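See structure below.
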Protein chains: 2
Amino acid sequence: MSSAEAGWTEAVEPGVRRTRQRAAVLRTFAACRDFVSAQALHALLTEAGVGVGLSTVYRALRDLERVGCVDVVRDQTGERLYRQRPDGGHRHYLICRCCGRSRAVDTDVVEEWADRLGEQTGFTGVEHTLELSGVCADCGTAAEQGGAPCREVPPSCRST
Amino acid sequence: MSSAEAGWTEAVEPGVRRTRQRAAVLRTFAACRDFVSAQALHALLTEAGVGVGLSTVYRALRDLERVGCVDVVRDQTGERLYRQRPDGGHRHYLICRCCGRSRAVDTDVVEEWADRLGEQTGFTGVEHTLELSGVCADCGTAAEQGGAPCREVPPSCRST
DNA sequence: TTCGTTGCAAAAGGTTTGCATACCA
DNA sequence: TGGTATGCAAACCTTTTGCAACGAA
């Protein structure tokens with residue numbers, strides 16, 4: 001069971017109901033191991049022949065976010081991208097500007113630094129958002145060779 | 001001369017014209033030493049009796065951003081906030097979630113870490129966005145005393 | 001006179017919400 | 001049966017754009 005599903009079935013308040021739509025959203029989201037937007041997730045579901053409304057997708061993602069099962073970033077256009085969070089707390093990702101693939105990076109240095117920040121500044125409840133982007137090795141190589149390296153959707157999401 | 005004005009008058013391509021509206025936007029923005037949204041800046045201008053269109057404000061801020069004279073962050077709602085950049089390259093800020101005031105923080109540790117990230121991952125052109133928020137000492141104290149600490153607009157912006 | 005700039009209104013794009021309907025428990 | 005979830009459409013917000021009029025150089 002993925003952490004997304006675990007979060008949904010366990011950490012959720014009483015009174016929630018299991019429906020065909022939520023299950024489909026969760027399944028598709030779980031199969032998508034990289035960042036996806038709500039719009040893209042909805043497109044994937046539609047493509048797969050699952051009739052789910054866009055607002056339902058938004059609502060499901062919002063609920064997951066509340067439970068703390070997803071990491072959220074904003075892309076350059078301000079669109080929110082969701083990714084299921086690996087067990088063990090929040091992570092930061094290095095996202096390829098070209099193909100959209102992401103990889104979690106070790107941010108212990110930054111975490112420790114951020115923790116100390118409160119003491120130094122007198123601020124309480126310090127939170128941080130860190131977004132990293134670059135061009136991955138594959139895309140960099142492809143670009144050098146004059147190819148068309150950019151994909152719209154991360155590969156991990158296309159096979160749902 | 002503030003860095004914002006310097007950027008505008010010096011670093012700008014030939015062919016740009018000085019107009020009453022741009023001057024007003026720049027002056028008000030320069031007087032605002034903290035993050036402001038385009039909407040808020042427009043409101044300040046209107047309040048001050050300067051008739052400037054909203055699109056003009058957006059265009060002016062976009063130009064400043066191009067020239068590299070401003071730091072931009074997104075607030076929780078996704079709205080873009082602009083702040084004139086102190087001389088010496090990009091900075092990161094710790095913003096009070098309560099009153100909106102921000103202070104630049106020393107991020108050398110993070111900068112160095114981010115620089116090394118490229119080598120470790122094979123990514124090129126690594127860029128980072130770091131947003132920090134917390135509750136400042138003033139607001140924390142006010143909250144303890146049961147006051148109403150939260151202001152809509154940072155103090156530095158209210159006196160324009 | 002030239003052509004960059006302005007301002008209005010409309011468009012665009014993502015996200016949220018209202019409300020009647022569907023359906024889980 | 002009661003009440004939550006859904007889905008559609010409309011509302012919302014911020015930001016961008018089209019275009020005619022304006023005005024700096």
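The figures that follow rest on heavy atoms only: side chains count, while hydrogens, waters and symmetry mates do not. Everything numeric here is computed off the predicted structure, so don't read it as measured data. Proteins come first, then strands; the chains are lettered A, B, ... in the order of their sequence lines, and each starts at number 1.
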message = Output the rounded distance in Å from NE2 (H42(A)) to P (dG13(C)).
response = 17 Å

Rounded distance [0.5 Å steps], CZ in R22(B) versus CZ in R59(B) = 8.0 Å

request  = Rounded to the nearest angstrom, tell me the gap between atom CZ in R22(B) and atom C1' in dG23(D).
outcome  = 14 Å

task = Answer yes or no: is there a side-chain heavy-atom contact under 4.5 Å between L130(B) and T129(A)?
result = no

request  = Quickly work out the L45(B) CG to dT6(C) P distance and round it to whole Å.
outcome  = 12 Å

request  = May I ask you to evaluate whether Y58(B) reaches the phosphate of dT16(D), defined as a side-chain N or O under 4.0 Å from OP1 or OP2?
outcome  = no

inquiry  = Is it the case that the side chains of E111(A) and H90(A) hold a donor-acceptor pair, with the cut-off being a distance below 3.5 Å and no angle test?
reply    = yes

request  = With heavy atoms under 4.0 Å as the rule, sort G51(A) into base, sugar-phosphate or nothing.
outcome  = sugar-phosphate

inquiry  = Does dA5(D) have OP1 or OP2 under 4.0 Å away from a side-chain N or O of T19(A)?
reply    = no

note = Winner on side-chain proximity to E79(B), out of dT15(D), dG7(D), dT15(C), is dT15(D)

key: Protein-nucleotide distance (Y82(A), atom OH; dG14(C), atom P), rounded to Å   = 12 Å

ask   = S37(B) and E79(B): side-chain donor and acceptor closer than 3.5 Å?
value = yes

ask   = Between atom CG in L26(A) and atom C1' in dT6(D), what is the gap in whole Å?
value = 15 Å

key: L54(B) CG - dG7(C) C1' separation (whole Å)   = 10 Å

ask   = Does a distance-only test, which skips hydrogens and angles, find a donor-acceptor pair under 3.5 Å between the side chain of R17(A) and the base of dT4(D)?
value = yes

request  = Measure from CD on Q76(B) to P on dG14(C) and round the result to the nearest Å.
outcome  = 22 Å

5' precedence on DNA chain D between R20(B) and R62(B) (nearest-nucleotide basis) = R62(B)

inquiry  = Is there, by distance only and without an angle test, a donor paired with an acceptor across the side chain of S55(A) and the base of dC8(D) below 3.5 Å?
reply    = yes

ask   = dG7(C) P sits how many Å from Q21(B) CD, rounded?
value = 4 Å

ask   = What about R59(A): does its side chain form a donor-acceptor pair under 3.5 Å with the base of dG7(D)?
value = yes

ask   = So which heavy atom on V50(B) is nearest to which on A24(B), and how close?
value = CG1-CB, 3.6 Å

